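Here's the structure we're looking at; comments come further down.
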Amino acid sequence: MKLYIISGEASGDLHGSNLVKALLQKRPGTEIRAWGGDLMSGAGATVVKHYRDLAFMGFMEVLRNLRTIFHNLAFCKKDILAFQPDALVLIDYPGFNLRIAKWAKSQGIRVYYYISPQVWAWHQSRVHDIRRDVDEMIVILPFEKDFFARHGVNAHYVGHPLLDVIDAGLRWKGEGAVEIALLPGSRKQEVLRILPVMAAVAARFPEYTFTVAGSPTLPDALYGEILSQYPNITLRKGETYAILQRARAALVKSGTSTLETALIGTPQVVCYAGNPLSFAIAKRIVRVPYISLVNLIADQPMVQELIQHDLTPDNLENALKKILQPSETTRLQTGYQHLRELLGGGGASERAAGIVLGG
């Protein structure tokens, strides 16, 4: 069997790698060609395009890189036709993957979509494109199956793949620790906007050490320009889970990392700041009450969110002081346990692989 998998971000590389492992375990000899990263390559896929060349965030960034995006689309279509896969597996990355899904359907290629675009949050008209172009949706959030069912889309809920990763002995051990984890994101634009605010807060907590969980795809110099004046901040790459395990608390850019932090059990404050115009546009069309996956899944403000203009050193300092209090730690631990219960058990990658392989 031949499969072509497309993932365009670090989180997609993680989940894609576990899917690749499950596919090869279920059906050894499956030939997998992919867009992804080092994890997918290490799992056994032939990676032809790395996600570090694909990460454009926000409306303005996309507009500035349209030529590159169109070039990537053309290359992808040509490469798929040359490979002639039995099926196409798309992982999140909706701006690109929904276009590929439409084209693939016209070519008679079977399309699976693993880890849904957040159409329930904004641009819900895309659900009609999904119904037309995607043969099977494989979703990982408990409310997504019902959402798609209401729109006539065949969707399978397999649970969240992070449970398999986090359940592999990863638990928070940082109570009483003097280290704070900083997770400013994996894209250059995120780091440039969010890390300076986090670093300014670190200067106000001299009794703590701070560790930036850096992205392996970003140069050290990018972090160095921001951190050079802060002696109590250290940069580490490729150690995100270990840092979260031992940290007393974490300041986390919104995204998959908020859920990872919660499943490990680390008290956190969620941060986000983007291009002002992109944020203004998004604010008009996003239809969800929260920005973090933790609060969205729990359907309540479990963790504090500091978004755009609210993300200031003063606000972040106050939020960090709060989660360092034992009573707040206890509240968060109780909430995190409830979150795990909502997400169900492990085995998401294995179940997803079974759907792709037809049983």
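Keep in mind that the numbers below use all heavy atoms, side chains included, and drop hydrogens, waters and symmetry copies. Computed from a predicted model, the values in this text were never measured in an experiment.
Judged purely by atom type and a 3.5 angstrom limit, Y223 uses its side chain to pair as donor or acceptor with the backbone of S215. For the pair R248 (side chain) and L324 (backbone), a donor-acceptor distance under 3.5 Å is present. In this structure a side-chain-to-backbone donor-acceptor pair under 3.5 Å is present from D13 to L39. Formation of a donor-acceptor pair under 3.5 Å by the N232 side chain with backbone atoms of P206 is not found in this model. Not one N or O on the side chain of R246 forms a donor-acceptor pair closer than 3.5 Å with the backbone of K173. Counting only distance, with no hydrogens or angles, the side chain of R331 and the backbone of M302 share a donor-acceptor pair below 3.5 Å. With hydrogens and angles ignored, the 3.5 Å screen pairs no side-chain donor or acceptor of S349 with any backbone N or O of A22. Judged purely by atom type and a 3.5 angstrom limit, K237 uses its side chain to pair as donor or acceptor with the backbone of L218.
Of all heavy-atom pairs spanning S116 and D92, the tightest one is O-OD1, 3.9 Å. Across D164 and A348, no two heavy atoms sit closer than the pair OD2-N, 3.3 Å. Contact record, A155 with V139: CB-CG1, 4.4 Å, taken as the closest heavy-atom pair. Considering all non-hydrogen atoms of both residues, V20 and A43 come closest at CG1-O, 3.6 Å. The shortest non-hydrogen separation linking A250 to I323 is O-CD1, 4.2 Å. Between A247 and T266, the shortest heavy-atom distance links the atoms O-CG2, 4.1 Å.
In this structure the side chain of P161 never reaches within 4.5 angstrom of the side chain of N18, judged on heavy atoms. In this structure the side chain of I138 reaches within 4.5 angstrom of the side chain of V356, judged on heavy atoms. Between S7 and Y93 the shortest side-chain heavy-atom distance does not fall below 4.5 Å. When side chains are defined from C-beta on, L339 counts as touching I297, because their heavy atoms get closer than 4.5 Å. Inter-residue side-chain proximity for T312 and V197 is flagged as unmet; no heavy-atom pair is nearer than 4.5 Å. Using a 4.5 Å cut-off on side-chain heavy atoms (C-beta onward), L195 and V212 make contact. Proximity of K105 to D135: side-chain heavy atoms (C-beta onward) are separated by under 4.5 Å at one or more points. Two residues are said to be in side-chain contact when any heavy atoms from C-beta on lie closer than 4.5 Å; T217 and H50 meet this criterion.
More than 12 heavy-atom neighbours from other residues, nucleotides or ligands sit within 6.0 angstrom of NZ on K2. Counting heavy-atom neighbours within 6.0 Å of E144 CD, excluding the residue itself, gives a total above 12. Around the CZ atom of R351, the shell of radius 6.0 Å holds more than 12 heavy atoms that belong to other residues, nucleotides or ligands. Annotation for E341: atom CD counts as buried by contact number, over 12 foreign heavy atoms lying within 6.0 Å. At most 12 non-hydrogen atoms from other residues, nucleotides or ligands lie less than 6.0 angstrom from NZ of K188. Remark: Q25 CD is loosely packed, at most 12 non-hydrogen atoms of other residues, nucleotides or ligands lying under 6.0 Å away. Within a 6.0 Å sphere centred on NZ of K102, other residues, nucleotides and ligands contribute 12 heavy atoms or fewer.
Rounding to the nearest 0.5 Å gives a distance of 6.0 Å between CG of L306 and CG of L316. Here the CG-CD1 distance, from N72 to I100, works out to 9.5 Å after rounding to the nearest 0.5 Å. The CD atom of E190 sits 12.0 Å away from the SG atom of C271 when rounded to the nearest 0.5 Å. Atoms CE and OG1, on M40 and T46 in that order, are 10.5 Å from each other to the nearest 0.5 Å. The CG atom of L73 sits 4.5 Å away from atom CZ of F96, with the distance rounded to the nearest 0.5 Å. Here L259 contributes atom CG and N295 contributes atom CG; the two are 11.0 Å apart, rounded to the nearest 0.5 Å.
Here the options are L320, L332, V303, the test is side chain to side chain contact (heavy atoms under 4.5 Å, CB included), and the partner is Q268; only V303 passes.
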Using the rule given for side chain to side chain contact (heavy atoms under 4.5 Å, CB included), can you reason through L311 versus N315, listing the C-alpha separation, both sets of side-chain angles and the distance that settles it, and then say yes or no? CA-CA 7 Å; L311 184 61; N315 287 344; over 6 Å; no
Before you tell me yes or no, could you show the steps for L222 and L192 under side chain to side chain contact (heavy atoms under 4.5 Å, CB included), namely the whole-Å CA-CA distance, both residues' side-chain angles and the distance that decides it to 0.1 Å? CA-CA 8 Å; L222 176 67; L192 290 175; 3.4 Å; yes
Quick one: do M198 and L183 satisfy side chain to side chain contact (heavy atoms under 4.5 Å, CB included)? Show the steps, please. CA-CA 9 Å; M198 292 179 173; L183 280 65; 5.7 Å; no
Before you tell me yes or no, could you show the steps for Y114 and Y112 under side chain to side chain contact (heavy atoms under 4.5 Å, CB included), namely the whole-Å CA-CA distance, both residues' side-chain angles and the distance that decides it to 0.1 Å? CA-CA 6 Å; Y114 178 45; Y112 295 88; over 6 Å; no
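F147 and H151 have tilted rings, their planes meeting at an angle from 30° to 60° on a 0 to 90° scale. Ring pair W35/F75 is tilted by interplanar angle, where 30° to 60° counts as tilted.
Side chains of D133 and Y113: no donor on one and acceptor on the other come within 3.5 Å. Between the side chains of Y241 and E260, at least one donor N or O sits under 3.5 Å from an acceptor N or O.
A salt bridge links D314 and R204; the closest N-O separation between the charged side-chain nitrogens and carboxylate oxygens is under 4.0 Å.
One hydrophobic cluster, built from ILVMFWY side chains closer than 4.5 Å, holds both I355 and Y4. Under the 4.5 Å side-chain contact rule for hydrophobic residues, V165 and I243 do not share a cluster.
Taking the six-membered ring for Trp, W172 and Y336 have ring centres at least 6.0 Å apart.
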